[in-house]
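The next block holds one structure in the form of structure tokens; read it before the comments.
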Amino acid sequence: KNLTVSIGSLNRQKILDNVSLSFNSGELVGVLGPSGSGKSTLINAICGFRKADSGNVIINSLDLYKNLEQFRSSIGYVPQDDIIHKELSVYKTLKYAALLRLSPDTAKDVIEDKINTILNMLELTERTNLRVKKLSGGQRKRVSIGVELLTSPRIMLLDEPTSGLDPALEVKLMSVLKNLVKENRLIFVSTHIMKSLDLLDLLIVIIKGKIAFIGKPEEVCEYFEVDEISDIFHKLTKKTPEQWQIQFLKSSLFSFYVTSRLAAPYPASVFSFAEQIKPKENIILTKTEDKTTVTIESIEAELERLKKELG
């Protein structure tokens with residue numbers, strides 16, 4: 001809500017300007033915009049990789065920026081450039097990532113089951129023993145997604161995952177992401193390619209850090225008064241970013257997709273925050289009725305106090 005990011009020391013320039021958004025679990029959300037429009041900045045701000053200068057990110061009534069460690073395993077982030085080791089096989093990439101990311105006491109058979117499930121989910125089973133460097137661009141991106149899926153995140157953010165892919169591979173990858181949201185995940189993806197926008201549940205158009213549109217993909221052409229989605233970038237040049245921002249803030253789409261969503265109670269079904277934290281970590285439990293917040297550590301301390309008091 002109200003996310004703003006600026007650069008520069010003297011004449012600071014806003015590269016993200018007072019952006020407010022609201023998403024639900026089970027949604028595949030895409031942010032579309034020309035190069036330099038602020039897509040990557042928005043993703044970095046949402047996942048906490050690069051905190052916004054002002055504004056906050058709320059997940060299930062909790063402030064992400066104040067609880068980054070607790071949310072670490074709940075959020076998956078796939079950068080635009082692949083960071084997986086190209087000399088390793090697909091299987092070893094996932095195996096070593098699992099050993100690094102999962103709890104040290106995770107059983108070997110649990111790790112194997114998780115890896116096999118991910119390979120099957122991402123249609124990489126036939127590439128298990130192939131080195132990453134021999135994979136196609138789309139397959140490498142799926143391996144990167146697989147690494148993030150190891151911790152079973154309920155929220156995933158992908159920065160330009162279809163960049164450099166041919167149209168067929170782009171559709172394939174977007175279809176994989178569409179299937180992943182069926183498991184009650186929220187997936188947020190930035191793109192400048194328009195071939196698979198019909199697979200999105202929600203589309204955001206951003207220009208120079210300002211939101212110009214939020215709505216269903218089927219609503220975007222009517223809003224911008226164009227015949228094809230591919231005409232949107234040209235249409236964006238017809239007004240200043242400030243004008244597009246003001247037009248959207250005055251629209252019924254802003255009221256429906258932003259204002260009303262932000263005003264609604266936080267849905268309990270988004271995901272169980274506590275179940276995403278390893279047993280040994282400091283779990284935060286929140287009573288929604290009175291907003292009372294306690295931790296597992298405080299509960300244990302209280303139990304010890306009561307034991308001593310009761311003998």
Side-chain angles (χ1 to χ4, degrees), residues 25-30 43 47 49 72-191 193 195-196 199-200 271 275-279:
S25 59
E27 287 185 331
L28 176 57
V29 181
I43 281 186
C47 71
F49 184 74
R72 186 176 298 278
S73 63
S74 302
I75 300 176
Y77 170 63
V78 181
Q80 183 173 348
D81 296 323
D82 294 321
I83 56 174
I84 50 178
H85 202 297
K86 293 181 173 58
E87 294 299 326
L88 295 177
S89 68
V90 172
Y91 173 80
K92 287 186 177 179
T93 297
L94 295 176
K95 179 67 175 291
Y96 292 147
L99 294 174
L100 288 170
R101 295 188 175 209
L102 300 179
S103 176
D105 56 2
T106 305
K108 290 183 179 180
D109 58 335
V110 172
I111 292 177
E112 288 297 320
D113 287 344
K114 187 177 284 286
I115 290 174
N116 290 329
T117 298
I118 289 172
L119 289 171
N120 183 60
M121 185 189 302
L122 299 179
E123 300 180 15
L124 289 168
T125 304
E126 295 181 358
R127 299 289 185 268
T128 300
N129 298 313
L130 201 63
R131 289 188 180 185
V132 170
K133 68 179 182 181
K134 293 186 177 181
L135 300 176
S136 68
Q139 290 167 345
R140 283 199 304 274
K141 188 60 66 176
R142 275 182 272 160
V143 175
S144 294
I145 293 171
V147 168
E148 295 304 317
L149 287 173
L150 286 165
T151 58
S152 302
R154 307 314 303 165
I155 301 172
M156 292 191 69
L157 301 102
L158 301 92
D159 192 2
E160 298 273 8
T162 58
S163 179
L165 303 185
D166 63 49
L169 289 175
E170 182 219 344
V171 172
K172 180 80 170 178
L173 181 58
M174 291 298 288
S175 297
V176 168
L177 297 178
K178 186 65 174 178
N179 285 330
L180 289 176
V181 300
K182 294 176 181 177
E183 298 182 351
N184 210 33
R185 286 188 177 89
L186 165 64
I187 296 183
F188 188 93
V189 54
S190 69
T191 184
I193 302 175
K195 296 293 183 183
S196 302
L199 293 174
L200 299 173
F271 65 90
E275 73 183 10
Q276 298 299 318
I277 311 300
K278 298 171 188 175

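Computed from a prediction, not measured in an experiment: that's the story for all the values here.
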Practice prompt. Could you tell me whether Glu112 and Lys95 make a salt bridge, using a distance below 4.0 angstrom between a side-chain N and a carboxylate O?
Written response: yes
Worksheet item: So does Lys92 pair up with Glu87, basic N to acidic O under 4.0 Å?
Response: no
Nearest 0.5 Å, please: how far is [atom2] in [Y] from [atom1] in [X]?
{"X": "Glu170", "Y": "Leu199", "atom1": "CD", "atom2": "CG", "answer": "9.0 Å"}
{"X": "Ile43", "Y": "Asp159", "atom1": "CD1", "atom2": "CG", "answer": "4.5 Å"}
{"X": "Thr125", "Y": "Asn120", "atom1": "OG1", "atom2": "CG", "answer": "4.5 Å"}
{"X": "Lys141", "Y": "Leu173", "atom1": "NZ", "atom2": "CG", "answer": "8.0 Å"}
{"X": "Met156", "Y": "Leu186", "atom1": "CE", "atom2": "CG", "answer": "10.5 Å"}
{"X": "Ile187", "Y": "Arg154", "atom1": "CD1", "atom2": "CZ", "answer": "9.5 Å"}

Discussion item. Side chains of Thr93 and His85, heavy atoms from C-beta outward: is any pair under 4.5 Å?
Written reply: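 SC-SC contact between Thr93 and His85 ruled out.
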Discussion item. Between Arg185 and Leu149, is there a side-chain heavy-atom distance shorter than 4.5 Å?
Written reply: yes
Would you name the heavy atoms of [X] and [Y] that are closest together and state the gap between them?
{"X": "Gln80", "Y": "Ser163", "value": "NE2-OG, 3.6 Å"}
{"X": "Met174", "Y": "Ser196", "value": "CG-CB, 3.7 Å"}
{"X": "Arg127", "Y": "Val90", "value": "O-CG2, 3.2 Å"}
{"X": "Val29", "Y": "Leu200", "value": "C-CD2, 4.1 Å"}
{"X": "Asp113", "Y": "Thr117", "value": "O-OG1, 2.8 Å"}
{"X": "Ser190", "Y": "Pro161", "value": "O-CD, 3.4 Å"}

Worksheet item: Is a side-chain N or O of Lys114 found less than 3.5 angstrom from the main chain of Leu150, in a donor-acceptor match?
Response: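 Yes.
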Practice prompt. Using the side chain to side chain contact (heavy atoms under 4.5 Å, CB included) rule, take Asn179 and Lys182 through it: C-alpha gap first, then chi angles, then the decisive distance, then the call.
Written response: CA-CA 5 Å; Asn179 285 330; Lys182 294 176 181 177; 3.2 Å; yes
Item to complete: Let me see the working for Leu180 and Leu177 under side chain to side chain contact (heavy atoms under 4.5 Å, CB included), right down to the final yes or no.
Response: CA-CA 5 Å; Leu180 289 176; Leu177 297 178; 4.2 Å; yes
Worksheet item: Would the number of heavy atoms belonging to other residues, nucleotides or ligands and lying under 6.0 Å from OH of Tyr77 be above 12?
Response: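 More than 12 within 6.0 Å, yes.
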Worksheet entry | Other residues, nucleotides, ligands: >12 heavy atoms within 6.0 Å of Arg131 CZ |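 Counting other residues, nucleotides and ligands, CZ of Arg131 stays at 12 neighbours or fewer.
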Practice prompt. Determine, step by step, whether Ile111 and Leu99 satisfy the side chain to side chain contact (heavy atoms under 4.5 Å, CB included) criterion, reporting the C-alpha distance in whole Å, the side-chain angles of both residues, the deciding distance to 0.1 Å, and the verdict.
Written response: CA-CA 8 Å; Ile111 292 177; Leu99 294 174; 4.1 Å; yes
Item to complete: Could you please spell out the steps behind the side-chain hydrogen bond (donor to acceptor under 3.5 Å, both in side chains) verdict for Ser25 and Asn184?
Response: CA-CA 5 Å; Ser25 59; Asn184 210 33; 3.2 Å; yes
Worksheet item: Can you name the residues that form a side chain to side chain contact (heavy atoms under 4.5 Å, CB included) with Lys172, not counting sequence neighbours?
Response: Glu123, Arg142
Fill in: Residue pair Leu94, Val147: steps toward the side chain to side chain contact (heavy atoms under 4.5 Å, CB included) verdict
CA-CA 6 Å; Leu94 295 176; Val147 168; 4.0 Å; yes
